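Since the model is a prediction, treat every value here as computed from it, not as a measurement.
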Amino acid sequence: MLEQPLHEIESLVREAILAAQDAGDLPSFDLPTLVVDRPQREEHGDYATSAALQLAGTARMVPLRVAQAIASRIPKTDFLAQVEVAEPGFVNFTLDDGWLTRQVDEILAAGESYGNVPLGQGQKVQVEYGSANPTGPLHVGSGRNTVIGDGLANVLEAAGYEVQREYYVNDAGTQVRLFAETLYARYAQALGRDEPIPEDGYRGAYLVELGDEVARQEGERFLEMPRREAVNALYEIGLEKMLASIEDDLTMLGITYDRWFSERSLYDSGVFDHVLAMLREKDHVAERAGAVWFVSSELGDDKDNVLIRSDGEPGYLASDIAYHYDKFIRRGFDRVINVWGADHQGHVPRMKAAMRAIGVDPDSLVLIVYQLVALRRGGELVRLSKRTGDIITLREVLEEIGPDAVRFFLLGRAADSQMELDLDLAKEQSSENPVYYVQYAHARTASILRYAQGTDFSDGDVSLLGHPAELALIRQMLRLPEVVEKAATSLSPHYLPYYAQDLAGAFHPFYKQCRVVSSVPEDMPLNKARLKLVAAAKIVLARVLALMGVSGPESM
RNA sequence: GCCCCUAUAGCUCAGCCAGGAUAGAGCAGUGGUUUCCUAAACCAUGUGUCGCAGGUUCGAAUCCUGCUAGGGGUACCA
């Protein structure tokens with residue numbers, strides 16, 4: 001498989017600078033990080049470096065002369081047609097047309113693996129995402145979480161990491177207990193009892209339905225047992241049903257996990273006690289006012305935090321430390337990436353401190369904090385809360401807009417950006433979603449290949465390609481590995497939808513301008529070459545769609 | 001109060017990490033395109049105090065400081 005031109009050029013530039021230094025054309029200095037990237041304007045070539053501008057100061061030379069010193073030492077290669085110096089000191093690189101067309105064969109040979117890059121070297125990475133409390137249906141915010149997490153996991157896999165996808169099930173602690181208490185009340189109400197829901201209970205209608213359902217299925221038997229026992233039993237039933245519903249929603253979104261990790265299991269397996277003892281032993285713990293505190297202020301946090309509350313219940317920080325101990329120490333992940341909503345950002349310094357406390361490099365724990373999704377309905381801002389029951393469920397949006405559009409929309413923004421989703425507007429405009437533009441390009445490739453069934457184009461000669469629209473398409477196809485690498489390095493899956501649009505945006509004009517399956521017999525050689533190009537384009541479109549978790553339809 | 005994120009075209013957003021060449025895309029708007037592979041397409045066209053004010057630099061949307069506005073956090077909830 002081909003080395004990426006970008007990296008090739010980086011080495012060529014580096015070697016050119018070193019050679020120029022040896023020859024005395026450039027003074028000697030240590031090389032900074034050299035940046036080669038894609039210029040904004042087409043006439044500046046495929047790649048460009050501003051290295052000369054960067055170095056002009058240290059070299060005490062005019063930038064243009066530095067650029068010339070570099071450009072003149074870039075050797076002739078098969079993939080570069082042109083190396084140019086441009087004002088005020090850029091070196092621009094243009095890919096060779098013949099080399100470009102040959103990449104079509106390379107992509108066909110690579111097949112589904114096209115786009116993979118050898119970055120991770122098999123490092124073990126866990127991506128934990130979703131992880132909404134199993135106390136209610138998933139809302140749109142969880143949708144953003146899972147779409148980012150899953151997209152990231154896909155990209156990291158393509159970049160050569162060994163990725164494990166995990167959902168942390170908060171099946172212990174205050175919130176699920178409150179959930180079970182509420183379910184008990186709704187269940188009793190369904191059977192005609194006057195049972196108020198707890199003060200801070202979950203008010204959503206879904207629990208009324210769940211109470212009804214349990215009453216229908218289980219009858220009155222829970223009313224006959226001691227209340228505490230009944231609540232425990234309902235806890236198990238409710239948890240199972242909520243998890244099933246969450247899993248259903250995620251399946252609809254096309255998301256499956258390698259593992260659902262139970263918080264409760266940390267207590268059952270003894271990991272929790274072990275970690276707490278360890279923290280005590282290492283003197284990271286203090287008792288104050290009847291509670292047990294994690295002295296995180298000594299480990300870089302701005303304050304201490306409660307581990308065990310004065311009522312004897314562990315707080316969620318405590319189990320989270322045990323959970324991460326399990327991830328790093330027991331399961332041996334090299335890196336753990338957690339996707340968190342902005343409402344958890346205060347938890348970041350605590351967990352970093354916790355990593356120091358358990359002897360893990362804090363940098364190997366990466367927290368992707370995404371800004372919360374603000375929802376609007378008919379111009380009204382909707383506040384989301386499972387407890388008040390005011391939620392817009394992920395399922396509702398999935399059913400209205402469809403999983404592909406939801407994925408594309410939620411993935412297409414940087415995690416940092418605060419997005420506002422107007423449901424009414426989204427429903428209205430979902431037919432304008434650019435996802436269909438990309439999918440349509442894929443459907444068109446499929447359509448052409450169907451139409452040409454019976455034509456064996458395996459002997460197609462790609463050197464016949466050369467139409468500007470063909471070359472533009474190949475250029476976009478070649479960006480996939482760069483995009484994967486960039487997204488994996490910066491943990492930013494939002495690059496994918498932008499790239500997908502660029503790729504489709506090169507395919508559609510090609511389709512319009514270049515007739516692939518022509519009825520004129522003399523066109524056969526070109527037909528075959530173009531069929532190769534279409535088959536390769538289909539591979540690339542399918543791959544980028546798959547990385548986003550969006551389907552690639554054969555027809556639309 | 002303190003901490004984190006954000007402010008770029010009418011709307012929704014890229015670009016900021018690693019400063020560079022006339023700041024980009026989609027949607028919306030306007031005009032046009034169909035003798036063979038799907039018009040969910042193509043072609044053409046307008047749009048900017050890059051929140052404000054300073055600073056650093058040969059060069060700032062990008063880095064630094066202050067300010068303004070919005071979102072989030074600052075619990076013995078998660």
Between the base of A21(B) and the ring of His44(A) - centre-to-centre under 5.5 Å, planes within under 30° - is that a stack?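 The base of A21(B) is stacked with His44(A) (centres under 5.5 Å, planes under 30°).
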
Spacing of the C1' atoms in G66(B) and G59(B) (rounded, Å): 24 Å

Which whole number of Å gives the distance between the C1' atom of U74(B) and that of A28(B)?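 Roughly 41 Å separates the two C1' atoms.
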
So, for Ile148(A) and Pro493(A), which heavy atoms are closest and what is the spacing to 0.1 Å? O-CG, 3.8 Å

Any pair with a residue in residues 47-64 of chain A that passes salt bridge (charged side-chain N to carboxylate O under 4.0 Å, His left out), sequence neighbours left out, goes on the list, sorted by first then second residue, please. none

Whole-Å distance separating the [atom1] atom of [X] from the [atom2] atom of [N]:
X: Tyr316(A); N: A78(B); atom1: OH; atom2: P; result: 8 Å
X: Leu372(A); N: G72(B); atom1: CG; atom2: P; result: 7 Å
X: Tyr202(A); N: C77(B); atom1: OH; atom2: P; result: 13 Å
X: Lys528(A); N: C37(B); atom1: NZ; atom2: C1'; result: 17 Å
X: Arg444(A); N: C36(B); atom1: CZ; atom2: P; result: 13 Å

Using the 3.5 Å cut-off, write out each protein N or O paired with an N or O of nucleotides 1-4 of chain B and the distance between them.
residue : atom : partner   : partner atom : Å
C4(B)   : O2   : Gln345(A) : NE2          : 3.1

Which residues pass the salt bridge (Lys or Arg N to Asp or Glu O under 4.0 Å) test with [X], sequence neighbours left out?
X: Arg407(A); answer: Asp150(A)
X: Arg288(A); answer: Asp304(A)
X: Glu43(A); answer: Arg41(A)

Which residues in residues 85-95 of chain A have a heavy atom closer than 4.0 Å to any atom of RNA chain B?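 Going residue by residue through residues 85-95 of chain A, the ones with a heavy atom under 4.0 Å of RNA chain B turn out to be Ala86(A), Glu87(A), Phe90(A), Asn92(A).
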
Does Lys486(A) qualify as a cation-pi partner of Tyr495(A), given the criterion of NZ or CZ under 6.0 Å from the six-membered ring centre and within 45 degrees of its axis? yes

Within the structure shown, what part of the strands sits under 4.0 Å from [X] by heavy-atom distance: base, sugar-phosphate, or nothing?
X: His344(A); value: base
X: Gln54(A); value: base
X: Ser555(A); value: base

Does the side chain of Glu470(A) pick up a donor-acceptor pair with the side chain of Gln513(A) at under 3.5 Å?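 Side chains of Glu470(A) and Gln513(A): no pair found under 3.5 Å.
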
Would you sort out whether His7(A) and Glu10(A) count as a side chain to side chain donor-acceptor pair (under 3.5 Å), showing the intermediate values? CA-CA 5 Å; His7(A) 295 313; Glu10(A) 276 167 0; 3.1 Å; yes

Quick one: which protein N/O atoms are closer than 3.5 Å to N/O atoms of nucleotides 28-33 of chain B? Pair and distance per line, please.
residue : atom : partner   : partner atom : Å
A28(B)  : OP1  : Glu432(A) : OE1          : 3.2

Would you write out the dot-bracket form of RNA chain B, 5' to 3', with Watson-Crick and G-U pairs under 3.5 Å, [ ] for crossing pairs, | for pairs to other strands and . for unpaired bases? (((((((..((((......[...)))).(((((.......))))).....(((((..]....))))))))))))....

Can you pull the side chain to side chain donor-acceptor pair (under 3.5 Å) pairs that have at least one residue in residues 307-317 of chain A, sequence neighbours excluded? Thr174(A)-Arg309(A), Arg309(A)-Asp311(A), Tyr316(A)-His347(A)

Can you list the residues that meet the side-chain hydrogen bond (donor to acceptor under 3.5 Å, both in side chains) rule with Tyr167(A), with sequence neighbours excluded? none

My understanding is that only residues two or more places apart in sequence, or in another chain, count here; which of them pass side-chain contact (heavy atoms from CB on, under 4.5 Å) with Arg515(A)?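 By the side-chain contact (heavy atoms from CB on, under 4.5 Å) rule, Arg515(A) matches Tyr451(A), Ser518(A).
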
Just the table, please: protein N/O against nucleotides 10-13 of chain B N/O, every pair under 3.5 Å.
residue : atom : partner   : partner atom : Å
U12(B)  : O2'  : Arg413(A) : NH2          : 2.5
C13(B)  : OP1  : Gln418(A) : O            : 3.4
C13(B)  : OP1  : Glu420(A) : N            : 3.4
C13(B)  : O2'  : Tyr498(A) : OH           : 2.4

Indicate yes or no: does Glu128(A) engage Lys327(A) in a salt bridge with an N to O separation below 4.0 Å. yes

When Glu263(A) and Asn433(A) are each assigned the nearest nucleotide of RNA chain B, the 5'-most assignment goes to Asn433(A)

